[in-house]
Colleague: 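Dropping the structure in here first, questions after.
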2 protein chains.
Amino acid sequence: MARALLEALRRRDVLADHVRTIADADAMARVGTYDVLVLDRRLPDGEGLDLVAALRQRKHPVPILVLTALGGVDHRVDGLDSGADDYLAKPFAIEELLARLRALQRRGPAVSDRYLSFGNLSVDPRTNEVSIGGALVEFPRREYLVVEALMRRPNRIVTRPNLIEAVYALEDEIGSNALDAHISRIRKKLLLTEASVEIRSVRNIGYLIRAKA
Amino acid sequence: MARALLEALRRRDVLADHVRTIADADAMARVGTYDVLVLDRRLPDGEGLDLVAALRQRKHPVPILVLTALGGVDHRVDGLDSGADDYLAKPFAIEELLARLRALQRRGPAVSDRYLSFGNLSVDPRTNEVSIGGALVEFPRREYLVVEALMRRPNRIVTRPNLIEAVYALEDEIGSNALDAHISRIRKKLLLTEASVEIRSVRNIGYLIRAKA
DNA sequence: CTGCGTGTAATGTAGCCGCAATCTTTGGCT
DNA sequence: AGCCAAAGATTGCGGCTACATTACACGCAG
C-alpha cells in the first residue's frame, strides 16, 4: 500500500519520504520540513492518532491527513478531533487523496524555499539572490538573511529575537546594535534602487516590510 | 437542509449565519469575520465553486468546506482543486460535518490573532495596525494596546484593571492618570478620522467601545 | 596589500508616554 | 433644585529611550 502510494506520488513529481513506525515518523517530523503528513492509524508500534496528539501538543503545525480502514463516522470524528486536518477512509481513489493533499498543502505554511516576492522586490532562497525591479542587487550574507526573514512575512511584524535568530542562527550574538546597523544598510540600498517597499520599525517589537507609503 | 444544519449547529453553541445565494455569501464574506464557510455547490444563482475561486483570487483566507450531492471522485477533486479546504458528499453524518468544521477552525489563525472589526474600525493583532474606514491610522504602542483590548469586547465594558493589565502587562505602573490620557489621545484620533465608533466611560468601572450615537 | 563585510561605539533624533495642573462631568445628598 | 466631592477629560511639558545613522576597526579573502 505504501509502495503504491509512493509510486503514485513520485509519478506526479511529489517528493515523499516513508517510514513504517510512529517513532520514526515522530523523528522525521522533528527534523524535517514537510508540507503534509499522511498517517495510517494501525501502525506496528501503536495507534497513529497518538502521534497526532503528540505533535499537536508540541504545537507542531504540519497538516496531517489520517488514512484508515476504520471507516465509521465515529472513527472519523475521533480522528479529526484528535487534531488531524483531514480523514480519508479506505478504500479511496488515489486522485481524491492527491487532491486532498493539494488542499492541505495550499493551506500549510509556505514551503521553505519558494520564491518570495513582494512589491518589486523578490528573493530566491535557493540562490540567495535579491532582485529589485527586475535587477539583481547584491546583498551580503547577513543583510540577505535579514531581508529573507522579513520577506517571509511581508506586512507582518518580525520580532527582534526572531530576526536575530534568523541572522545569527545558533551563534550567540548579543549586546550591540548590529541588527540595527544591518537594517540601516538595507534601507540605504532600498532607497538607491528605488524599491517599492520599505522597512518599518515597530518600537519595542521588531520590524516589518511593507509597501512604501 | 439548511434549517436542519443551523439547528444542529445552534444546539452545539456554534454561531452561524445563513444566506441562500452566492451573491449574499460573497457580501457576507467581505464584511464578516467567519471561522469557516460551508458552501453548497448547487445554488440559485450559480455554482458554488465559482465563489470559492473568486474568494481565493482575492486571497480571502477563510477556510471553506464544500457540500454537495455530486459525490463522484472527480467532482471531489474538482472541488478541492478549486481552492476549497474540504469536501463532503451528501448524504453525510452531521457529526462528521461538525468534526470537519472543528478541524478547519483549528487550522485557522488562533482566536487571539484574528482580525478584529467593529464599525468602520479594524485592528490586526498580527501587525498591530489599525484602520479606520479603510485607511491606516498610526497608533503608538500603548494606545494600540488599549484599542485592541477594547475591540476584543465591543459593546461591552472593559474594566479599568483589565485595561491597565492589557497595557502594562507585567510592569507595575501605578499612580497617575496615564490610562485616561491614552483614552483621551485615542478619542482625538477617532474624531479626526471620523470613526463610526466612540469610547464611552462607565463611571467607577471602565470603558467600552460602541457605535457612535 | 587592498577591499569588502561586519561588529562596535558614539552621536543624533524623534516621539512616546508619564506627569501634573486645570477644567468638565457626574451622581449623591440634603 | 442646588451644591459638593470625586471621577474623568484634556492638555502642555519634558525626560527618557529605542531606534537611526555614521564612522571606524578588525578580519578574512583574493
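The sequence lines fix the lettering, A, B, ..., with proteins before strands; numbering per chain opens at 1.
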Colleague: Tell me whether the side-chain N/O atoms of A/His182 come closer than 4.0 Å to OP1 or OP2 in C/dG7.
Modeller: yes

Colleague: Between A/Arg20 and A/Asp40, is there a side-chain N and carboxylate O pair less than 4.0 Å apart?
Modeller: no

Colleague: Which whole-number value in Å describes the distance from B/Leu179 CG to C/dG18 C1'?
Modeller: 12 Å

Colleague: Between A/Arg200 and B/Glu129, is there a salt bridge with N-O shorter than 4.0 Å?
Modeller: no

Colleague: Measure CD1/A/Ile183 against P/C/dT6 and give the value in whole Å, please.
Modeller: 14 Å

Colleague: Could you state the CG-P distance from A/Asn177 to C/dT6, rounded to the nearest angstrom?
Modeller: 15 Å

Colleague: Does A/Arg142 have a side-chain nitrogen or oxygen under 4.0 Å from the phosphate oxygens OP1 or OP2 of C/dG7?
Modeller: yes

Colleague: Quick check for you: among C/dG18, C/dA21, C/dT6, whose closest atom lies nearest to any side-chain atom of B/Ala178?
Modeller: C/dG18

Colleague: Using whole Å, report how far CZ of A/Phe139 lies from C1' of C/dC4.
Modeller: 16 Å

Colleague: What is the separation between atom CD on A/Glu138 and atom P on C/dG3, rounded to the nearest whole Å?
Modeller: 18 Å

Colleague: With a 4.0 angstrom cut-off to heavy atoms of chain B, pull out the first and last contacting nucleotide of DNA chain D, in 5'-to-3' order.
Modeller: D/dA6 to D/dG12

Colleague: If only side-chain N and O atoms count, and only distance matters, is there a donor-acceptor pair under 3.5 Å linking B/Tyr168 with B/Arg142?
Modeller: no

Colleague: Are OP1 or OP2 of C/dG18 and a side-chain N or O of B/Tyr168 less than 4.0 angstrom apart?
Modeller: yes

Colleague: With a 4.0 Å cut-off on N to O distance, would you call B/Arg187 and B/Glu198 a salt bridge?
Modeller: no

Colleague: For B/Ser131, check side chain to side chain donor-acceptor pair (under 3.5 Å) against everything at least two apart and list the hits.
Modeller: none

Colleague: For the side chain of A/Asn128 and the backbone of A/Tyr144, is there at least one donor-acceptor N/O pair under 3.5 Å apart?
Modeller: no

Colleague: For B/Glu95, give me all partners under salt bridge (Lys or Arg N to Asp or Glu O under 4.0 Å), at least two apart in sequence or on another chain.
Modeller: B/Arg12

Colleague: Mind checking what makes side chain to side chain donor-acceptor pair (under 3.5 Å) contact with A/Lys189, not counting sequence neighbours?
Modeller: A/Glu143

Colleague: Using atom CD of A/Glu143 as one end and atom P of C/dT6 as the other, report the distance to the nearest whole Å.
Modeller: 7 Å

Colleague: Using distance only, find each side-chain donor-acceptor pair of residues 79-86 of chain B under 3.5 Å and give its atom names and separation, not counting sequence neighbours.
Modeller:
| from | atom 1 | to | atom 2 | distance (Å) |
| --- | --- | --- | --- | --- |
| B/Asp81 | OD1 | A/Arg102 | NE | 2.8 |
| B/Asp81 | OD1 | A/Arg102 | NH2 | 3.4 |
| B/Asp81 | OD2 | A/Arg102 | NE | 3.3 |
| B/Asp81 | OD2 | A/Arg102 | NH2 | 2.7 |
| B/Ser82 | OG | B/Gly79 | O | 2.7 |
| B/Asp85 | OD1 | A/Arg107 | NH1 | 3.0 |
| B/Asp85 | OD2 | A/Arg107 | NH1 | 3.4 |
| B/Asp85 | OD2 | B/Arg56 | NH2 | 2.8 |
| B/Asp85 | OD2 | B/Ile64 | N | 2.8 |
| B/Asp86 | OD1 | A/Arg100 | NH1 | 2.6 |
| B/Asp86 | OD1 | B/Arg100 | NH1 | 3.3 |
| B/Asp86 | OD2 | B/Arg100 | NH1 | 2.9 |

Colleague: Using a strict heavy-atom distance below 4.0 Å, which residues from residues 185-208 of chain A are in contact with DNA chain C?
Modeller: A/Arg185

Colleague: Rounded to whole angstrom units, what separation is found between the CG atom of A/Asp180 and the C1' atom of C/dT13?
Modeller: 14 Å

